[in-house]
Amino acid sequence: MSPESNIERVVPVMVPMPAERPYSYGVPVGMHIEPGSIVRVPLGPREVAGVVWDGEGELVPASKLRRISHVFDCPPLPAEMRKFIDWVANYTVSPPGMVARMALRAPAAFDPEPPVEGIRLTGLQPDRLTPARRRVLELAENGQAWTRSGLAHAAGVSSSVIDGLIEQGVFEHIDLPAQPVVAQPDPGFGRAQLTPEQEAVAARLREKVGQGGYSATLLDGVTGSGKTEVYFEAVAAALEQGRQVLILLPEIALTQAFLDRFHDRFGARPAEWHSDLAPRKREKVWRQVAEGQVRVVAGARSALFLPFSELGLIVVDEEHDPAYKQEDRVFYNARDMSVVRARIGNFPVILASATPSLESRVNAEQGRYERLVLPVRFAQVAMPDIRAIDMRRSPPQPGGFISPALLEAISQTLARKEQTLLFLNRRGYAPLTLCRVCGHRFQCENCSSWLVEHRFRKQLVCHHCGHHEPRPEACPECGTLDHLVPCGPGVERIAEEIDHHFPDARTIILSSDLIGGVKRLRLELEAIANGEADIVVGTQLVAKGHNFPGMTLVGIIDADLGLSNGDPRAAERTFQLLHQVTGRAGRTGLKSTGLIQTYQPEHPVMKALVSGDAEAFYAREVEERRRAGLPPFGRLASIIVSAGTKPEAEGYARELRRAAAHAPEIDVLGPAEAPMAMVAGRHRFRLLLHASRRADIQSYIRAWTARAPKPRGSVRVQIDIDPQSFL
DNA sequence: AGCACGCCGACT
DNA sequence: GTCGGCGTGCTC
C-alpha cells in the first residue's frame with residue numbers, strides 16, 4: 001500500500017478490539033516508537049488508539065500493511081501493564097485486544113492537557129497607579145503566576161483592570177501546567193491514634209511496604225475494628241517511599257464517608273475512579289495517573305487498568321464483595337487480578353474484609369497470604385446482640401411476614417425513640433403473582449423467571465431482563481376479575497405491613513427503585529441520619545457503604561432467602577451479606593440488637609451470625625468445598641452462548657458440547673438455560689465445566705473451542721473462569 | 001467492538 | 001420511488 005521506503009520497520013500494535021494478537025503496522029521513517037507507545041493507527045474504515053506491544057511485528061502481506069499515523073505525546077504504557085494485560089487475557093481466555101481496551105478508556109487523555117493561560121509580573125511599572133491596580137500588584141508582587149480571572153477575583157477588581165495592565169506590559173502571558181485533579185496527599189498529615197492491637201498490625205503492614213517486594217496480606221477485622229485507619233498506615237508508608245497507591249472499593253462503597261476519612265488522614269482527597277465519572281474528569285485522572293501527578297486513586301474495579309507507572313501498593317477493601325467480579329465482555333475478578341498485578345509489579349497487596357472470602361482464607365491457611373486479625377471494636381462500641389427468631393415457633397399473622405417477636409422489638413425501639421432497620425433483599429411488592437381461580441402464574445415472556453409486582457409503579461417487572469407490563473385486573477388466562485394474589489414479600493409489602501402495625505411511625509423504603517437516583521439516595525440517607533425516619537426498610541443497598549448511626553434494631557425479614565439457589569457460594573454469600581447488614585448498627589454506644597427471621601435456626605449460617613464466631617462455619621464450608629472439589633480446591637468455568645433466538649443459542653451450545661475435548665478430569669454439564677436467561681435481548685445458554693482439581697481449564701477450553709464449528713449468525717460465546725455467581 | 005455493506009418494510 | 005431496520009463480515 002505505502003511505499004516501503006517510507007517504512008523503517010514493522011511493530012506489533014495492540015488495538016482495542018477482539019483481536020487475538022497484536023496487528024502489525026509500519027513505522028514511518030523518523031517516527032520515534034518504543035514498546036508501550038500509545039499510537040493512532042488506521043483500522044478498517046476508521047482510526048483508533050492502540051499500544052505498541054513487545055517483540056517483533058509479524059510478517060503481514062504488503063497489501064495489508066498500513067502505517068502508524070501518529071504517536072501521542074503521552075507516557076508509554078509501562079511494561080508492567082503490558083505484562084498484566086497479557087496475563088489477564090490469557091487467564092480469562094479473552095482476546096488481549098479487549099483487555100487492552102480497558103486500559104485505554106480515556107480517548108482524549110492521550111494528548112497532553114492544554115496548558116492553562118496564566119500571567120506573571122514583568123517588572124515594568126504601569127503609567128498610573130490606581131487603587132485597583134495597587135491591590136492587584138500587591139498580590140502579584142511575590143512573582144507567583146496567576147490566572148487572569150483568579151487574580152482579578154482575589155484582588156476584588158474586574159478583569160479589565162488586569163487587561164489594562166497586560167496591555168501596558170506590566171504582566172506577560174505564560175503557560176501554567178494543567179491544574180492537578182487532587183491535591184497531594186501528605187502521609188504525615190493526621191496520624192490517627194491507634195490502639196496497641198491496631199498499632200501492631202499497622203506496624204507489620206508498614207514493614208511490608210517498607211521492605212518492598214511482592215506480598216499478599218489478608219487484613220481480617222470486624223466492622224468497627226478500625227481496618228481503614230490501619231491500612232491507611234500502609235498507604236502512608238507507600239507514599240513515603242514515593243510510590244503510587246490504589247485503593248479498590250466495591251462500586252457502591254465509594255462514598256463521601258470514605259473520602260472524608262481519607263481526607264482526615266492525608267489532608268487531601270484521593271482521585272476517584274468509577275464508571276459514572278464525568279468524561280472530562282476521567283481524562284484528567286487517567287493522564288495524571290500516567291504522569292505520576294496523582295499519587296492515590298480510590299476506585300471501582302476498573303481502576304486496576306489505570307496506567308500507574310510507580311504503583312507500590314494495592315488495597316482491596318471489602319475483598320469478599322461480589323461487585324469485584326466483572327461479568328460482561330472480559331470476565332474477571334478485580335480482587336484476584338489485584339494479586340496478580342502486585343506480583344507483576346513486585347509490591348504488596350492488602351485484602352481487607354470483616355468477612356473474608358473463603359478463597360482468601362484458604363490462601364491464608366495455605367501460607368500464600370499472611371493473615372492479620374483485628375479482633376475488637378473500639379472500646380465504647382459494643383457488638384450487636386444477635387438472635388435468631390424461629391419462624392416455625394413464632395409465625396407471623398396470616399398474610400404477614402413479620403413475626404410477633406420482631407414486631408414487639410420494633411415497638412420497643414419506637415418507644416425508646418430509636419431507629420429500626422428492616423432488611424429484605426427483594427425489590428418490589430411481591431415476587432410472584434398468581435390467579436386464585438386457574439392457577440396462572442405471571443412469567444416473563446423473555447426469561448423463565450416470575451414477574452415481580454411493583455405496586456407503587458403498578459407494574460409487573462422482570463428483574464432479569466427489565467421487561468415490564470402493567471398489572472392487569474383480570475387473569476389473562478381465565479379472564480376472572482380481581483382474583484390475582486400476590487405471593488411472598490418484597491420491601492414495599494414489608495413497608496405496608498409496618499404501616500399497618502405502626503401507622504404513626506415514619507417509614508422509608510430504600511432500594512434501587514428509589515426515584516431520583518444517587519442524589520435522592522444521599523438526601524434520604526442524610527434524613528435518616530438526622531433522625532427523620534423511625535423505620536427503614538431496605539434491600540442490599542443498605543448493606544454497603546453507609547452506616548446508620550442511630551439504628552439500634554436490625555431485623556432480617558428472610559434470612560433463608562438465597563440459601564437454596566444452587567449456588568455453591570450461597571451460604572458464604574448469605575453470611576457475608578447478613579453480617580454486613582447487622583454490622584450497620586451498634587456504632588453509637590447504645591445497646592443494639594439484630595433479630596434474624598429464619599425457618600432454619602440450626603443452619604450453620606444462622607449459628608455463625610448468632611454466636612459471632614465464624615470460624616466453625618468457615619471450617620465447615622472449606623471442608624465442603626474440598627470434598628466437592630469446588631474452588632479454591634477445584635475449578636469451575638462457564639461457557640455462555642448467546643444469540644438472538646433461543647433455538648439458535650441452544651443449538652450452538654449443543655454443537656459445542658458435542659465437540660467437547662476429552663479430558664477425564666473435567667466434567668461438562670449442560671447446555672442449560674443460563675441463570676440470566678435473557679440479557680439485552682439475547683437468549684443465553686450455558687455449559688458448566690467442573691474440574692475437581694486445579695486443572696488448566698483454560699488450555700482445555702482453548703483446545704475445545706478451536707475444534708468446535710465456528711459460531712454462525714448472531715451467536716456469541718463468552719467464557720467465565722470460576723463463575724462467582726450463579727444467579 | 002465499531003463500522004460498512006447489504007437486502008426487505010413504512011413513509012417524507 | 002427512498003429512508004432505515006439490523007444481519008454479516010472484516011479490520012494489520
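Just so it is clear, the structure is predicted and the values come from calculations on it, not from any experiment. Only this structure's heavy atoms are used, side chains among them; waters, hydrogens and symmetry mates stay out. Order of the sequence lines fixes the chain letters, A, B, ..., with proteins taken first and strands second; residue numbering starts at 1 for each chain.
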Check your understanding: What is the distance from atom OH of A/Tyr25 to atom CD1 of A/Ile7, rounded to the nearest 0.5 Å?
Key -> 12.0 Å
Review point. Just how far, in rounded Å, is P of B/dG2 from CZ of A/Arg46?
Key: 7 Å
**Study point:** Nearest-0.5 Å distance that lies between atom OH in A/Tyr324 and atom CG in A/Leu248
**Key:** 5.5 Å
Review point. Between A/Glu310 and A/Arg295, is the closest basic N to carboxylate O distance under 4.0 Å?
Key: yes
Practice item. Find the distance A/Tyr25:OH to C/dT11:P and express it as a whole number of Å. Key: 11 Å
Review point. A/Leu43 CG to B/dA1 P: how many Å, rounded?
Key: 14 Å
Check your understanding: Atom CZ of A/Arg716 and atom C1' of C/dG7: how far apart are they, to the nearest Å?
Key -> 10 Å
Check your understanding: NA contact type, A/Pro12, heavy-atom cut-off 4.0 Å: base, sugar-phosphate, or nothing?
Key -> nothing
Review point. Rounding to a whole Å, what distance do you find between A/Glu648:CD and C/dC6:P?
Key: 16 Å
**Study point:** Side chains of A/Val88 and A/Val340 in contact at under 4.5 Å (non-hydrogen atoms)
**Key:** no
**Study point:** Whole-Å distance separating the CD1 atom of A/Ile68 from the P atom of C/dC12
**Key:** 13 Å
Check your understanding: What's the CE-P distance between A/Met17 and C/dG9, to the nearest Å?
Key -> 16 Å
Check your understanding: Is the distance from OP1 or OP2 of B/dA1 to the nearest side-chain N or O of A/Arg101 less than 4.0 Å?
Key -> no
Check your understanding: Over how many whole Å does the gap from A/Met14 atom CE to C/dC12 atom C1' extend?
Key -> 13 Å
Exercise for review: Identify whether any heavy atom of A/Ser714 sits under 4.0 Å from a base atom; if not, whether one sits that close to sugar-phosphate; answer base, sugar-phosphate or nothing.
Suggested key: sugar-phosphate
Point to revise | Nucleotide nearest A/Pro45 when distance is taken to its side chain, options B/dC3, B/dG2, C/dC12 | key: B/dC3
